[in-house]
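Have a look at the structure below before the remarks.
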Number of protein chains: 2
Amino acid sequence: MSRVLVVDDDVQLLRALRITLRAAGHEVVTAPDGAAALREAAAAHPDVVVLDLGLPDLDGTEVLAGLRPWFTGPVLVLSARSDSRDKVDALDAGADDYVTKPFDMDELLARLRSLLRRRSDAPAEPVVVTDHFTVDLAARQVTVDGVPVRLTPTEWALLSELVRAPGRLVGQKQLLQSVWGPAYERETNYLRVYTAQLRRKLEPDPAHPRYLHTEPGMGYRFTP
Amino acid sequence: MSRVLVVDDDVQLLRALRITLRAAGHEVVTAPDGAAALREAAAAHPDVVVLDLGLPDLDGTEVLAGLRPWFTGPVLVLSARSDSRDKVDALDAGADDYVTKPFDMDELLARLRSLLRRRSDAPAEPVVVTDHFTVDLAARQVTVDGVPVRLTPTEWALLSELVRAPGRLVGQKQLLQSVWGPAYERETNYLRVYTAQLRRKLEPDPAHPRYLHTEPGMGYRFTP
DNA sequence: GTGCGGCGTCAAGGACCCGTCAAGGCCGGG
DNA sequence: CCCGGCCTTGACGGGTCCTTGACGCCGCAC
């Protein structure tokens, strides 16, 4: 069903969680400390992380900080500390839920279900491929028919915004905001100029775009 | 910042929440009972709902059930009952978090921030499906029999207003207001022209609409 | 039957938006 | 200093979309 990474140094609790989560149909990966947690999170690509704040090596919030820049799934924090200050800190550090020990197992499972229900199906694809060109977001490179093509910084910023939302329409305000900044919300000129350049460089027939479509009055859409 | 709908019958608590949420930069809409909650949720399009389970008219889970078919934002449940059984029921009924009274205000705010943060990362908007066409609110795309259909901005604005309230009647004043602006409350002409265009593009038999119904003198209704 | 109000349809005009091109300015490298 | 990318800006033609008015239909009240 889903892969759960459980981070805790309490062997007893770890064992109980493993059994219960397995019984609920989840695949379980465990880590006994912070370093292992970061390692396992990178290796196993879990759907959700259950993180105990009291770890032997790292502080729980440090693990959270190490996770958050790239891990987009939900994180449920376990802690013995019930002080609301701790809760606020953990939640603001990127946690999605905070459960104090001792906790009821059924409640934990229900909270996990709630978090997983929200999980979206867009796990940040690093490389986008079409019949005519490929866009490697990580390497910052696009190739057309296997041949690398150079893009200017602005062209790249615009293309990556569109490619990150395949099939979805991206509003012109949003494009202008994230490529040129909030002060340029009305400069739809730029969009026209740069989509034309992108089409010239990427589309097989720039006059009749097949991938970079424009929706008059609304925005642009990349369709793979 | 964000629009919060607070549902509670305790006037004291409602007042405290309103003040605190306003201070945190949120726009606050309130409802004292379940019926008003459903009404306000439809009218105000809140980003998040804070729902007390103990209401005078409806049970909280009934409100949740009425909300969930179409409201996709997060719902934070408040309750005086700390039994884990109640928590599990609420979470499985569609709640995203469960906080027991009495609660710490800072923690509530942090949990709201956490819920809203998710919304901005992964705007999980709904997809409305009928036998003949589908409307993807997030991608801003409608397909009829599998083929994408282009809608103009106005057509889209009108359709999304109707589709966001499936089965419910939407008054002409409300439609005109949210699509064309408050100054156009009397231009029912526009509604006739654009519903006709939508029907031509979406309905299998535009002359005998099956999904976009007219309620003479009142408004329009989308029935899935 | 007759009048009336609300609705659906159609078409035309004008405003708006888009694609295109090219000139000018800014900046860094040679 | 000059030169070449790159970004900005303006102008223009063509197409799209919104607005607006006219017309006929239907249901209802009288």
Side-chain angles (χ1 to χ4, degrees), chain A residues 140 142 148-162 169-222, chain B residues 140 142 148-162 169-173 175-181 183-222:
Chain A
R140 274 195 156 227
V142 350
V149 171
R150 259 178 34 82
L151 294 187
T152 73
T154 308
E155 287 167 2
W156 177 260
L158 179 58
L159 179 64
S160 65
E161 274 299 311
L162 287 171
L169 185 143
V170 189
Q172 13 192 34
K173 262 205 323 200
Q174 188 185 329
L175 286 172
L176 289 164
Q177 231 171 33
S178 51
V179 175
W180 282 273
Y184 293 75
E185 269 187 8
R186 310 252 167 69
E187 308 284 337
T188 58
N189 254 336
Y190 295 0
L191 290 178
R192 295 203 293 271
V193 172
Y194 277 92
T195 49
Q197 289 182 4
L198 282 177
R199 292 207 254 245
R200 242 195 315 272
K201 291 187 176 181
L202 301 179
E203 293 273 3
D205 179 7
H208 303 96
R210 176 171 162 186
Y211 303 103
L212 271 27
H213 296 286
T214 142
E215 306 269 349
M218 302 198 283
Y220 292 84
R221 182 198 308 273
F222 166 70
Chain B
R140 282 206 172 204
V142 340
V149 171
R150 269 180 26 84
L151 295 188
T152 73
T154 309
E155 287 166 2
W156 178 261
L158 179 58
L159 178 64
S160 66
E161 274 299 313
L162 288 171
L169 177 108
V170 187
Q172 358 192 30
K173 260 207 323 198
L175 285 172
L176 288 163
Q177 223 170 25
S178 51
V179 175
W180 281 273
Y184 292 74
E185 270 187 7
R186 309 240 173 70
E187 309 283 336
T188 58
N189 253 336
Y190 295 180
L191 290 178
R192 295 203 292 275
V193 172
Y194 277 93
T195 50
Q197 289 184 3
L198 281 178
R199 292 207 254 246
R200 212 170 312 145
K201 291 188 176 181
L202 301 178
E203 292 274 2
D205 180 8
H208 303 94
R210 177 171 161 185
Y211 303 103
L212 271 28
H213 296 287
T214 302
E215 306 273 346
M218 315 198 60
Y220 292 83
R221 182 198 308 272
F222 166 70

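Since this is a predicted model, take the numbers as computed values, not measurements. We use all heavy atoms of the structure for the numbers below, so side chains are in, but hydrogens, waters and symmetry mates are not. Every chain is numbered from 1, with letters handed out A, B, ... down the list of sequences.
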I want to verify a distance call: between [options], whose nearest atom is closest to the [X] side chain?
X	options	value
A:R192	C:dT9, D:dT16, C:dG19	C:dG19
B:P153	C:dG19, D:dC17, D:dT8	D:dC17
A:T152	D:dC18, D:dC6, D:dT16	D:dC6
B:T154	D:dC18, D:dC7, D:dG10	D:dC18
A:V193	D:dT9, C:dC18, C:dG19	D:dT9
B:T195	C:dC18, C:dG8, C:dC7	C:dG8
B:A196	D:dT8, C:dT9, D:dC17	C:dT9

Give one of base, sugar-phosphate or nothing for B:Y220, where a contact means two heavy atoms less than 4.0 Å apart.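 The residue B:Y220 makes sugar-phosphate contact but no base contact.
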Base, sugar-phosphate or nothing for B:E155? Non-hydrogen atoms, less than 4.0 Å.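 Answer is nothing: B:E155 stays at 4.0 Å or more from every strand.
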A:Q174 CD to A:E161 CD distance, which is reported to the nearest 0.5 Å: 6.5 Å
Calculate, to the nearest 0.5 Å, the distance between atoms CG and CH2 belonging to A:L151 and A:W156 respectively.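 These two atoms lie 6.5 Å from each other.
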Just N and O in the side chain of [X]: are any of them under 4.0 Å from OP1 or OP2 of [N]?
X	N	answer
B:Y190	D:dT20	yes
B:Q172	C:dG6	no
B:W180	D:dC18	no
B:T214	C:dG8	yes

Value in whole Å for how far the [atom2] atom of [N] lies from [atom1] of [X]:
X	N	atom1	atom2	answer
B:Y194	D:dT16	OH	C1'	11 Å
B:L175	C:dG6	CG	C1'	16 Å
A:L198	D:dC6	CG	P	13 Å
B:H208	C:dG8	NE2	P	13 Å
A:L158	D:dT8	CG	C1'	15 Å
B:E203	C:dG8	CD	C1'	14 Å

Looking at side-chain heavy atoms only, is the closest gap between B:Y184 and B:N189 below 4.5 Å?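 Not in contact.
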With a 4.5 Å cut-off on side-chain heavy atoms, are B:L175 and B:Q172 touching? no
State whether A:K201 and A:E155 are salt-bridged, where the test is any N-O pair (Lys NZ or Arg NE/NH1/NH2 against Asp/Glu carboxylate O) under 4.0 Å. yes
In terms of the nearest nucleotide of DNA chain D, which residue is placed more toward the 5' end: B:N189 or B:Q197? B:Q197
Could you check A:R200 against A:T188 and say which one's nearest nucleotide on DNA chain C is further toward the 5' end? A:T188
